[in-house]
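Right, one structure below, let's go through it.
Order of the sequence lines sets the chain letters (A, B, ...), proteins ahead of strands, with each chain counted from 1. Here the structure is a predicted model, which is why all the values come from computation and not from measurement.
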There are 2 protein chains.
Amino acid sequence: MELLIDKNLDNFATICRQAGLKITPQRKLIYRCLLQSKEHPSAEMLLKTVRNHEPSISLDTVSRTLKTFESLGLVKVMAGGGDARRFDGDTSTHQHFRCVNCHKIFDFHYKPYESIEIPSVITDRFKILGVSVYVEGYCPDCQ
Amino acid sequence: MELLIDKNLDNFATICRQAGLKITPQRKLIYRCLLQSKEHPSAEMLLKTVRNHEPSISLDTVSRTLKTFESLGLVKVMAGGGDARRFDGDTSTHQHFRCVNCHKIFDFHYKPYESIEIPSVITDRFKILGVSVYVEGYCPDCQ
DNA sequence: GTACTTGCAAAGCCTTTGCATCATA
DNA sequence: TATGATGCAAAGGCTTTGCAAGTAC
């Protein structure tokens with residue numbers, strides 16, 4: 001896992017440079033914490049983690065950085081059901097279960113969802129960026 | 001279409017009575033406008049439509065009413081990607097395309113998505129309420 | 001040295017809440 | 001007539017913006 005994160009951080013540096021963005025300690029830290037997180041954190045959740053390493057960092061640096069990462073494709077934004085946006089450092093294809101009560105998010109991989117083709121009524125009219133599948137319900141703690 | 005709305009309004013009245021809710025002119029109007037809307041409106045978008053018929057209605061009545069409808073299952077809430085929540089009066093199974101630029105939402109029906117079973121790793125641990133499929137990209141106006 | 005970033009504070013949206021007034025059942 | 005609903009205004013969250021100070025390149 002450490003190796004994977006190192007590899008992603010190299011990739012991160014390359015992408016930043018290509019985009020003309022500076023590689024600051026804050027950006028590296030935020031990205032590293034996001035990769036290690038399994039909870040699909042909101043900006044505020046991620047801030048807590050980040051402050052364990054660097055207490056002086058501010059919420060809006062985290063927010064702005066996540067927004068920057070999003071436009072670079074380094075991060076996926078999850079539509080929080082009306083709550084704060086949640087961020088996912090894993091940009092590979094996968095699906096999510098979301099608890100409607102506590103808003104925890106769980107990943108899962110299920111091939112059938114990935115092999116479905118988008119119908120031509122959509123591909124003909126729209127330029128497709130991606131498909132998101134959300135299963136909603138109650139997690140074990142909230143049933 | 002008028003017939004369908006009348007039928008839904010009857011259904012609406014029944015559901016309200018069962019829940020012990022009063023059937024007020026505002027609630028009827030809000031529900032009717034939502035059924036007729038094809039744009040998956042936010043509370044504010046719906047307010048504009050509603051005010052064409054009843055100018056004195058307030059935004060928070062619309063918001064509160066939509067929230068009430070949601071808990072009754074009369075309305076589906078769509079996770080707006082960080083923007084205002086969007087509401088859908090069509091509670092039948094269907095999928096959505098969402099423009100990442102102008103945030104317009106388009107419905108489509110595509111059987112393969114509906115016939116996928118949720119994997120047992122999810123059904124074993126969680127109580128499932130529903131599955132949402134969002135295709136994201138650019139609509140014709142935004143390409 | 002220069003242009004980009006950061007941190008702070010304020011402002012902006014959207015949503016929720018408190019409360020007096022009003023209307024449904 | 002009594003409970004629940006509405007409208008208004010204020011408050012609460014989350015996100016965005018403006019600006020001076022700081023930093024990567």
Whether A:S58 contacts C:dG7 is assessed here as follows: a side-chain N or O lying under 4.0 Å from the phosphate OP1 or OP2. Is that the case?
yes
Does C:dA23 have OP1 or OP2 sitting under 4.0 Å from an N or O in the side chain of B:Q26?
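No, because none of the side-chain N or O atoms of B:Q26 sits under 4.0 Å from OP1 or OP2 of C:dA23.
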Salt bridge or not for A:K104 and A:D141, using N-O below 4.0 Å?
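The answer is yes: the pair qualifies as a salt bridge.
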Acceptor/donor pairs from residues 23-34 of chain A side chains to any protein atom, 3.5 angstrom cut, sequence neighbours excluded:
residue, atom, partner, partner atom, Å
A:T24, OG1, A:R27, N, 3.1
A:R27, NH1, A:K22, O, 2.8

Counting side-chain heavy atoms from CB outward, which of [options] is closest to [X]?
{"X": "A:K67", "options": "D:dC14, D:dT16, C:dT15", "result": "D:dT16"}
{"X": "B:T61", "options": "C:dT6, D:dT16, D:dT6", "result": "D:dT6"}
{"X": "A:R85", "options": "C:dT5, D:dT6, D:dT15", "result": "D:dT15"}

How would you summarise protein contacts on nucleotides 18-25 of chain D per nucleotide, using B for base, S for sugar-phosphate only and - for none, with heavy-atom distances below 4.0 Å?
B-----BS
From CD of B:E44 across to P of C:dG12 the rounded distance in Å is 15 Å
Working to the nearest 0.5 Å, report the span between OH of A:Y113 and CZ of A:F108.
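Going from OH on A:Y113 over to CZ on A:F108, the span is 5.5 Å.
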So A:S42, base contact, sugar-phosphate only, or nothing? Heavy-atom distance under 4.0 Å.
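Result for A:S42 = nothing.
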Compute the bend angle of the helix from C:dG1-D:dC25 to C:dA25-D:dT1 from the end axes (five pairs per end), rounded to 10°.
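The angle, to the nearest 10 degrees, is 40°.
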